[in-house]
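Here is the structure we will look at.
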Amino acid sequence: MFGDNRPKVSEEELKKAKQELFSKGIDKKKLDQVEKVFHGHMDEPGKEHGIDGGEITAGAGYMREHKKDLGVTDKDVNDIEEGMRKHL
């Protein structure tokens, strides 16, 4: 009754999102960073498994704050965030 019913990006949807982002010019190194930022959410058990909208927002915020370390631009992060949200 009180389950977590928020839409989430599954492992399969993350794979699709990464393929689409690659076709838009986001290179493999940047996609590896996406995987690292969101990896923990894929390891969560049960209903917590997957990436919800709030986690996409938080991950994109982290990427913006650490863009120099991660090798991404604001445009990259915007594209990544948009691409992930498409798969919710």
Side-chain angles (χ1 to χ4, degrees):
M1 185 165 118
F2 294 105
D4 182 359
N5 294 324
R6 293 173 294 193
K8 297 191 182 220
V9 176
S10 67
E11 290 176 33
E12 186 62 32
E13 292 297 318
L14 179 60
K15 183 177 178 180
K16 289 178 188 176
K18 287 173 56 182
Q19 289 170 342
E20 290 169 9
L21 290 164
F22 185 77
S23 72
K24 289 184 174 184
I26 304 289
D27 66 36
K28 183 176 178 343
K29 183 177 177 183
K30 292 174 184 176
L31 292 174
D32 288 346
Q33 294 301 331
V34 170
E35 188 81 28
K36 289 176 185 176
V37 168
F38 292 106
H39 178 73
H41 302 293
M42 292 300 175
D43 290 338
E44 294 173 333
K47 293 180 180 180
E48 294 297 316
H49 184 78
I51 307 164
D52 67 34
E55 293 165 335
I56 292 172
T57 299
Y62 175 86
M63 293 181 83
R64 284 185 185 94
E65 288 176 23
H66 299 91
K67 61 186 171 189
K68 288 183 182 178
D69 296 329
L70 299 174
V72 296
T73 66
D74 287 327
K75 182 185 181 324
D76 292 334
V77 177
N78 291 340
D79 289 346
I80 290 164
E81 184 173 17
E82 181 182 318
M84 297 279 290
R85 288 194 183 283
K86 242 177 76 174
H87 291 275
L88 283 175

Subject >> Evaluation steps, side-chain contact (heavy atoms from CB on, under 4.5 Å), between Leu14 and Met84 >> reply: CA-CA 7 Å; Leu14 179 60; Met84 297 279 290; 3.6 Å; yes
**OP:** Please determine if Glu82 and Lys86 form a salt bridge, counting it only when a charged side-chain N lies under 4.0 Å from a carboxylate O.
**Re:** no
**OP:** Might you confirm whether atom NE2 of His66 has over 12 heavy atoms from other residues, nucleotides or ligands at distances under 6.0 Å?
**Re:** yes
**OP:** Mark yes or no for whether Lys30, through its side chain, and Gly25, through its backbone, hold a donor-acceptor pair below 3.5 Å.
**Re:** no
Original post:
CD1 of Ile80 to CG of Leu31: how many Å apart, nearest 0.5 Å?
Top reply: 6.5 Å
Subject >> Point-to-point distance, once rounded to the nearest 0.5 Å, from NZ of Lys16 to CD of Glu11 >> reply: 13.0 Å
Original post:
Between Glu55 and Arg6, does at least one N-O distance fall below 4.0 Å, as a salt bridge requires?
Top reply: no
**OP:** Measure the spacing between OG1 of Thr73 and CE of Met63 and express it to the nearest 0.5 Å.
**Re:** 9.5 Å
Original post:
Could you give the distance from NZ (Lys8) to NZ (Lys47), rounded to the nearest 0.5 Å?
Top reply: 10.5 Å
Original post:
Roughly how far, to the nearest 0.5 Å, is CG of Leu88 from CD1 of Ile56?
Top reply: 4.0 Å
Original post:
How close do Tyr62 and Val37 get, heavy atom to heavy atom, and via which atoms?
Top reply: CD2-CG2, 4.0 Å
Original post:
Are the charged groups of Glu12 and Lys15 less than 4.0 angstrom apart, N to O?
Top reply: no
Subject >> Salt bridge Asp32-Lys28, side-chain N to carboxylate O under 4.0 Å >> reply: yes
Subject >> Shortest non-hydrogen separation from Leu21 to Asp79 and the atoms involved >> reply: CD2-O, 3.3 Å
Original post:
Are side-chain heavy atoms of Ile26 and Glu20 found at a separation under 4.5 Å?
Top reply: no
Original post:
Nearest heavy-atom pair of Gly83 and Ala17: which atoms, and what distance?
Top reply: O-CB, 3.9 Å
Subject >> Check: His49 side chain, Met42 main-chain N or O, donor-acceptor pair, under 3.5 Å >> reply: yes
**OP:** Tell me, please, which residues at least two apart from Asp74 pass salt bridge (Lys or Arg N to Asp or Glu O under 4.0 Å).
**Re:** Lys67
Subject >> Any side-chain heavy-atom pair of Thr57 and Glu81 under 4.5 Å >> reply: yes
Subject >> Distance in Å, Glu44 CD paired with Ile51 CD1, rounded so as to fall on 0.5 Å steps >> reply: 9.0 Å
